[in-house]
Structure formats: structure tokens, C-alpha cells
**Student:** 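Quick one: structure below, then a few questions.
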Amino acid sequence: MKIGMKIAIALGLGIKRNAHIFVGLVAGMIVGAVLHTNIINNHNPQITGAIMSILGFIGQAFIRLIQMVVIPLVISAIVIGIASVGDNKQLGKFGTKMVLYYGIITILAVTIGAILVCAFVPGIGVQSFINSQTSADIQAQVAQELTNTKANLLNQFLMFIPKNPLEAIAKGDMIPIILFTLIFSIALAKVGDINRPVVLFFETVFAATMKVTDWIMFFAVPGVFALSATAIADFGMSIFGPISKLLGILIAGFIIQLIVIYPLMMKIFSKVPILTFYSAVAEAMMVAFGTASSSATLPLTMACCERRGISHKVCSFVLPLGATLNMDATALFQTVAVIFLTQAYGVDLGLFQIVQIAVLAIIASSTSAGIPGAGIITIALVLNGLGLTPEQLVIGFAFLMAFERITDMLRTMVNVTSDAVVAAIIADNENEINYDLLNNPESYKEVI
Ligand code: ASP
């Protein structure tokens, strides 16, 4: 049997096990399609408006509830992750492997995205929608920028260092929070036994946060239902027509990641059975799709991985960092989207600019928080490298925005899967995986 088919079956089994969430998703899409027709035909505008508001409320409430636990979860997980890894040698190994595997996955993602978008040139179809004067202006501006010094990347890195960690926490700036927590946790590990009260405190915070997460997950079905319904109601199925080529390219890229790159990585670097593993993280994949938020899905990703055999040590170190920094699908999306925009505006790109876009997409994606829409916001950083801003490319952006939520849902699902894949590979390399548990159907009792 072909690997793709096997994975589809494994995912299918995951879906069967979580039929309630899947039903929520599909029902949400159907209701969304009906609402969209009502909106277009102006049928019962008041009732439709009221339903939209209620759905919007439920969806937002679900996202806010899960986001509520993200900061305490990330901080406590990293602290106990690093403190419980204990000896620095092992920590160093985890960290190096994490950077290596996340790096390989993301570089492959942007390469695949760049090849697909250059081969199929989806931007050409949009050229006729754009005023030729605007295109000429944009082309001139890009040319100008390319002769200037490259975008101010150093400044971007400076912002990662929090002047005040509490301010970063209050503002929810994930990268500065993580940077501070990492430094603080390494220091904690270094000071020896005196760290016990603080580590114990964070262990308690972690346990309580996981409990809160369990409670929140009672709302997964209505939450996922409401989120998918509002996405389809806003944008409708018909938007798939004119932009199907771009969407097709993105979906092809995501599928290649899911059914070629990740299985290959697992095969080359570990002996984790890919099908079993995909089935093990199916709930997290579906919730990622429904919430469009890696961070919001993090508690579930951790629960799936931990309850199915990956050690707490690895999960609590690799997954929180992955949920914030490892955004391979977002990087793929940004590469495709920016090259698509340059095609739409008739800007010719050389190999150097394509590589520059890909590199900036890797940086921009890892600065994206794991929340809905983060990738479309940080795309500004990639455009910045070409001397452009999103406002200048309004029409081109309208095409991206039309299906932003749907691609966001897809890229989040892929982002979350790669976090889990890397955690599994590292766990295998470091003997931190319990294969009896992973292969035991009993451990597949519902996580949600
Ligand atoms: N929503 C994505 C995530 O949470 C990030 C993005 O917007 O691409 O993984």
C-alpha cells in the first residue's frame, strides 16, 4: 500500500476515534455554506446576523479560553523541561537536535513552496485585476529597494530581547518570553538543589494548567463547529474559483510536507512508525485545523504525545518551543504568497531575491505567534525585504485574505504535526519514547 494511502487511513482512524470533533467541523462547514448563501442573497438578514454573532461569540470564546492557558503553560513547561532534563549535556543534545530537525523541515518547506509557485505561476491570473500604473510603481519600488541595503534585520533581532520580561508577558510577546524563560531556566538548572521550591512551583502551575485545559476541551465540539461555520460564512465556497490555482499550490505543498517530508524524516532519523504516530496525534491535528492556532492546540499536542509514549522531558522541552518557533507551513505559505504577489504585480525575481524571500519567510514565520492569522501579519517582514508594504498591494492582498482563514487552518494543522514529528524523532534518538505505550491501542482512549 502506498504511504500516502496508509497515512490517509491512519488519519481516518483518528477521525473515527474523534468523530464528534469531525462532525463539528463538517457540520460547521455546511452551516457556514448556508449562512453564506443567506448573506449573499440578503435572506433573513437579521436572523443570519444574529446567528453569525452567536457563532462568532462561541468561536472566539473557545479560542480565548485556550489562549488563556498558553503563557502559563509555555513558561512552566520550559522551566520544568529544562530543569528536569538536568544535566546540561542532555539539554544541549535536545536543543541541537531540535534546531537541526526544525531547520531541515522548514528549509524543505520553503524550497517546496518556491519551486511550486515558480513552476505554476499562479500570480499571472490576477494581473488583469491590477491597475497597470500600480504594477509599474511597485516594480520600480522593488528595483529601488534591491539597490538599497537589505532590510533592517538586526533591529528585528534586538526586539527579541525583552527589556522587561513582565511587560513581554503582559503583551503576550512570545519570542521575548521564551528567550527570557530559556535563560532563566538554564540558570535555574545551574544553581543546583536550591532551585527546588521554584521548580516545584512551576510543576504545580503546569499540572493545574493541564487540568484547566482538560476542562476547556469540553468545549472543543461547539468551538470547532462555530469557527469553521463563521470562516465559510464569511468567505463562501465560491472564492475557491478564481484563486483555486494558488490554493492548489499551497495545499500541494502542505500535502508534500505531510506525506513525503515528515515520513521521510521519521524513516531516516528514527524508527517511529509513522502511521501509528499520525494516528496518535490525530486529535491535535484536527483541533489545530479547527482553531488555526498552534499555541491553542499546544496543550492537546502535549497530551497526545505524552499519553502515547513520548517522555514528559522531551514533550515539555520540544513542543512549547515548536508551537512558537517551528512554523514550517507558515514559512511555506509566506514564500508562496509573496512570490505570488510579485507575479501578480509583474515584478521579475532573480534567484537571489527568491532565496531572500525564502530566508525572510523562515525568520518571519518563526516570529509568528501560534495564533490565528499570525502568518499573514508577519508576511509584512518578508515584503519589507523587497521594500514593499501590504497596504501597497491591496488588491493582491485581497486575494490572499479571501481564503486566509482556510489556509491558516491548513498551515496550523501542518505546523502542529511537524512539532509532534520532531518531538517523536528526538524522543526516539534519546531513548525517551515508550514504544509499548505508542503501539498500545489502550493508550488511544480519547484525549479530548
Ligand atoms: N495560525 C498559525 C499557527 O498557529 C500561524 C499562522 O498564522 O500561520 O500555527
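Just so it is clear, the values below take in all heavy atoms, side chains as well, and ignore hydrogens, waters and symmetry mates. Just so you know, ligand 1 is whichever comes first in the structure, and atom 1 is the first atom listed for that ligand.
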**Student:** Looking at every non-hydrogen atom in both residues, tell me the closest pair between Leu35 and Ala233 and how far apart they are.
**Tutor:**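 That would be CB-CB, 3.8 Å.
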**Student:** So, Tyr278 side chain and Leu258 main chain: donor-acceptor pair closer than 3.5 Å or not?
**Tutor:**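 Indeed, once roles are kept as given, a pair shorter than 3.5 Å links the two residues.
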**Student:** Measure the distance from atom 8 (O) of ligand 1 to every protein heavy atom, then report the residue, atom name and distance (to 0.1 Å) of the closest one.
**Tutor:** Arg411 NE, 2.5 Å
**Student:** Need the ligand 1 atom indices (1-based, order shown) with element for anything under 4.0 Å from a heavy-atom of Ser293.
**Tutor:**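 Selected atoms, number and element: 4 (O).
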**Student:** Within the structure, does Asn415 bring an N/O atom to less than 3.5 angstrom of an N/O atom in ligand 1?
**Tutor:**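 Asn415 vs ligand 1: N/O contact under 3.5 Å present.
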**Student:** Only heavy atoms of Met327, strictly under 4.0 Å: list the atoms of ligand 1 that pass.
**Tutor:**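 Near Met327, the atoms of ligand 1 are 9 (O).
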**Student:** Could you tell me, atom by atom, which parts of ligand 1 come under 4.0 Å of a heavy atom of Gly375?
**Tutor:**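 Near Gly375, meaning under 4.0 Å from one of its heavy atoms, ligand 1 has 6 (C), 7 (O), 8 (O).
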**Student:** Would you name the heavy atoms of Leu360 and Val382 that are closest together and state the gap between them?
**Tutor:**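 In this case the closest contact between Leu360 and Val382 is CD1-O, 3.7 Å.
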**Student:** Provide, to 0.1 Å, the distance between atom 5 (C) of ligand 1 and the closest protein heavy atom, together with that atom's residue and name.
**Tutor:**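 Minimum-distance protein heavy atom for atom 5 (C) of ligand 1 reads Thr330 OG1, 3.7 Å.
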**Student:** Looking only at side chains, do Thr330 and Asn415 share a donor and an acceptor under 3.5 Å apart?
**Tutor:**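 Thr330 vs Asn415: donor-acceptor pair found between side chains.
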**Student:** Relative to atom 2 (C) of ligand 1, which among Thr407, Thr412, Leu410, Ile379 owns the nearest non-hydrogen atom?
**Tutor:** Thr412
**Student:** Are side-chain heavy atoms of Leu298 and Leu319 found at a separation under 4.5 Å?
**Tutor:**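 In contact.
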**Student:** Taking Lys245 for its side chain and Phe120 for its backbone only, find out whether a donor-acceptor pair lies under 3.5 Å.
**Tutor:** yes
**Student:** Within ligand 1, which atoms have a heavy atom of Ala292 less than 4.0 Å away?
**Tutor:**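 Counting atoms of ligand 1 from 1, those under 4.0 Å from Ala292 are 1 (N), 4 (O).
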**Student:** Please work out whether any backbone atom (N, CA, C, O) or any side-chain heavy atom from C-beta onward of Ser294 is under 4.0 Å from ligand 1, and answer side chain, backbone, both or neither.
**Tutor:**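 Both the backbone and the side chain of Ser294 come within reach of ligand 1.
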**Student:** When you check the gap from the basic side-chain N to the acidic O, do Lys171 and Glu167 get nearer than 4.0 Å?
**Tutor:** yes
**Student:** In the protein, what heavy atom is nearest to atom 1 (N) of ligand 1, and what distance, to one decimal place, separates them?
**Tutor:**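 Answer for atom 1 (N) of ligand 1: Asp408 OD1, 2.7 Å.
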